[in-house]
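Each remark here refers to the structure printed beneath this line.
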Number of protein chains: 2
Amino acid sequence: MAAVWHCQAVTSASTVGAVRQGSLRELNLAVVLRRIAAAERPPSRAGLAAGTGLTRATVSAVVDDLIAGRLVAEAEPAPRTGAGRPARGLVLAADGPAGLGLEVNVDYLAACVVDLTGTVRHHLVRRADLRPVSPTDALTRLAALADEARAAAVRDGLTLAGAVLAVPGLVDDDGLVRLAPNLGWRDVDVPALLAGHPLAEPVDGVPALVVENEANLAALGELYAGPAGPRSFLHVTGEIGIGAGIVLDGSLYRGTRGWSGEIGHVPVQPQGRPCRCGGQGCLERYAGQEAILAAAGLPGAELPADTAATRLADLAGAGDAATLSALADAGTALGVAVAGVVNLLDLDTVVLGGGYAPLAPWLCPPVVAEISRRVLTAAWSPVTVRPAVLGAQSAAVGGATSVVRRIVDRPTGWLARTG
Amino acid sequence: MAAVWHCQAVTSASTVGAVRQGSLRELNLAVVLRRIAAAERPPSRAGLAAGTGLTRATVSAVVDDLIAGRLVAEAEPAPRTGAGRPARGLVLAADGPAGLGLEVNVDYLAACVVDLTGTVRHHLVRRADLRPVSPTDALTRLAALADEARAAAVRDGLTLAGAVLAVPGLVDDDGLVRLAPNLGWRDVDVPALLAGHPLAEPVDGVPALVVENEANLAALGELYAGPAGPRSFLHVTGEIGIGAGIVLDGSLYRGTRGWSGEIGHVPVQPQGRPCRCGGQGCLERYAGQEAILAAAGLPGAELPADTAATRLADLAGAGDAATLSALADAGTALGVAVAGVVNLLDLDTVVLGGGYAPLAPWLCPPVVAEISRRVLTAAWSPVTVRPAVLGAQSAAVGGATSVVRRIVDRPTGWLARTG
DNA sequence: GCCATTTAATTCAACCGCTGAACAAATCGC
DNA sequence: GCGATTTGTTCAGCGGTTGAATTAAATGGC
């Protein structure tokens, strides 16, 4: 009764398209590149051959293609192993393609550049309250910031291979922001408003800019920052609203329309406080930033999100009773909602991100308590609740990283471009 | 800003293993076979070539292999199209491999045989209250039923390619039933108890029997019974407990340990009725069979699940006030829980299965009402709530079908066996 | 210091499976 | 019956992997 078979036995396999002659090389380029990206230390061609099951001859040929395409480079400090000819270590190229991550949020604009190795090469942030600013003006400012980031990347010899814009709201497949409540946006057509800017011009038929929900990208950032391999977790970001990014078996689950992760309106008190969504007792009314601040006796409805979180963390650290009680209540409400998700999706990890990250020392215990109480399977395998490793603006980093991860997953597009 | 890129842009690609020389043929066998399986009417070799992008020559060679392996047959009534040489239609072979689906439930044992085309060729059901029966005895009776089904399959010229056992409980990867509360099972090692029976003997290193949760298999059955192509839905089965199977992008999501779908203990009333799980106000206490029966003023705690459901449907159809009120309340509770799931996963369909299916006329309206009230995105794209198309014992059918679907998805294993 | 040993990477003929075009087969319309 | 049309097969050609032989570059024992 092998477990090996089980995990794939019952699930329907993914639909792979037709495999033509050239697909062979295409697939092996991806296999080898992914392996180089996932390796702990720079692997040798021989090691890759042993690991993938391909011949050393094939690996050599594939690696030659990758080096010619500036995706891979040979590491100088060759790893010594003992006798024999020393291996030449292979690493992802740090001077090849890079991803541009952008973010529009309530109180800041951000742009960052991430190279193929996942290193954040540049990170620009402009603080400003964008609620009173029109979408057009906000995007104009964002475009200027993007130009700055692009210039910095070019100075480093990097080539931008794509851009992703993080928005705190519901985004359509064509880049239309349906609704971003905390930003005051409704039906904002980002590509149209950016018309004329290089960001909006497709390259080789591929859109240069992808617009995506902030919580999804933050979860992706967390996925990439963690260890390689398939993992499943829920990434909860607490700002003014509460969003969740869902990673299942190592890939982001976006939902049928990309609108997954709306956890803020899970009812935690069906007969409870009315919510602006029309429902009652929604999580947001108990664990949202405003609710926590109010319960802690702080005014700060106008506080920037991260300021509010640090303020609360300071107070809690100092032992302020009202704050501690507010955080305990918020944690319990969050725990009720998260326990439902864990029961439903059988996750082994919950990550607290965004404004929750600095508050994790006080939020984790009640969340864990609710999970232990409500999750039947927690008795057999514990659920880890931990703060996010990425700090603020993790969505921009996640978006930028997704661009380069896409190249690692399907290098052919990039290789075709540079001939 | 093409939508095409978007849907895969941000998600991490699936990990494909190394692609060796022979993998090309292996992959194309799967591509062509899947295409034949998914086609509305028997496709021709030329049509397959046009659809897959492969050459007619390649398709011919691949189809020859498939016919030699008894997976595909030529359909007699050649589909006429007009001028030109008539095409020879290709269909899945009805006399090749078949899957055996088994089910142990509270009040029946079931076994069914499904051939490659998805047709249920045999379906045996033994009604009996299995709660007082020991796991050993239950599995012995099941083995006898399986032998009967196998004999019937052999008489039809079918070859059983695998078996799946559906159990209403939590199953480990190695076939250990951790907990099946309504059956009274705890830590039942199914493979060990079946030792000696052909079911427990691995063939070619692949386990002959896979044990899986009933709700997951019912959802798979619903997936296979519906139209082809990736779909995402939640399949809720209401029996004594409430389980859910989650299908995302056309494949079953099993969770990190295969324990996904525990929706029965989502809190719908946090300060509400205590539950045997230790929590409070769980869905099961409001929309479970016992709760509905009690609210309708019926005694029948000992009623078999399907009997109870039909009884309730009869009463509701006759206009019994208590029953209508009980169903409305249960529907509302179910709607609260389901709305949370739809918000979280952005699903476009919810299927009511098991005991809920006959009650759908009365349950759907309150469920839809709660979804409209609580799902923000429902304004842009409606959520369909509908009863399951498969009737009772859908888990056994789903399990049996998963065996043959696996062959369609990866035909190489089967082809290697028959030389 | 020299040489056997060991491991890494490359080269090259052989081979597998897809490609594209030419060809044979079978039916319809006139 | 004959051309038009579409299906299916055959076959030389080719891209890409395979496996063995070869070269490259280090370590370690004497």
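Nothing here was measured: the structure is a model prediction, and the numbers come from that model. By convention in this document, chain letters (A, B, ...) are assigned in the order of the sequence lines, proteins followed by strands, and residues within each chain are numbered from 1.
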Expected output: side-chain [X] to main-chain [Y] donor-acceptor under 3.5 Å:
X: B:Thr55; Y: B:Thr58; value: no
X: B:Trp414; Y: B:Gly69; value: yes
X: B:Asn216; Y: B:Ala219; value: no
X: A:Ser23; Y: A:Glu26; value: no

Pairs meeting criterion salt bridge (Lys or Arg N to Asp or Glu O under 4.0 Å) with involvement of residues 221-231 of chain B, two or more places apart: B:Glu222-B:Arg386

Salt bridge (Lys or Arg N to Asp or Glu O under 4.0 Å): pairs with one or both residues in residues 52-69 of chain A, sequence neighbours excluded: A:Arg25-A:Asp65

Between [X] and [N], does any side-chain N or O lie under 4.0 Å from OP1 or OP2?
X: B:Asn28; N: C:dC18; value: yes
X: A:Ser44; N: C:dT7; value: no
X: A:Thr58; N: D:dG16; value: no

Counterpart residues, side-chain contact (heavy atoms from CB on, under 4.5 Å), relative to A:Val32 (two or more places apart): A:Ile36, A:Leu48, A:Leu54, A:Val62, A:Val63, A:Leu66

Output the rounded distance in Å from [atom1] ([X]) to [atom2] ([N]).
X: A:Leu90; N: C:dA8; atom1: CG; atom2: C1'; value: 11 Å
X: B:Leu27; N: C:dC18; atom1: CG; atom2: P; value: 10 Å
X: B:Glu74; N: D:dT7; atom1: CD; atom2: P; value: 15 Å
X: B:Asp65; N: C:dC16; atom1: CG; atom2: C1'; value: 13 Å
X: B:Leu48; N: D:dT6; atom1: CG; atom2: P; value: 18 Å
X: B:Arg25; N: D:dT17; atom1: CZ; atom2: P; value: 17 Å
X: A:Leu54; N: C:dA9; atom1: CG; atom2: C1'; value: 15 Å

Give the table of side-chain donor-acceptor pairs shorter than 3.5 Å for residues 152-162 of chain A, with sequence neighbours excluded, one pair per line with atom names and distance.
unit_1: A:Asp156; atom_1: OD2; unit_2: A:His122; atom_2: NE2; d: 2.8

Test item: B:Arg121 and B:Thr119 side chains (from C-beta on) under 4.5 Å apart, heavy atoms: yes

Polar atoms only, N or O, under 3.5 Å: list the protein pairs with nucleotides 9-15 of chain D and their distances.
unit_1: D:dT9; atom_1: OP2; unit_2: B:Ser60; atom_2: OG; d: 2.4

Sugar-phosphate, base or nothing in reach of B:Thr55, heavy atoms under 4.0 Å: base

Can you tabulate the close N/O pairs, meaning under 3.5 Å, that link protein atoms to atoms of nucleotides 1-4 of chain C?
none

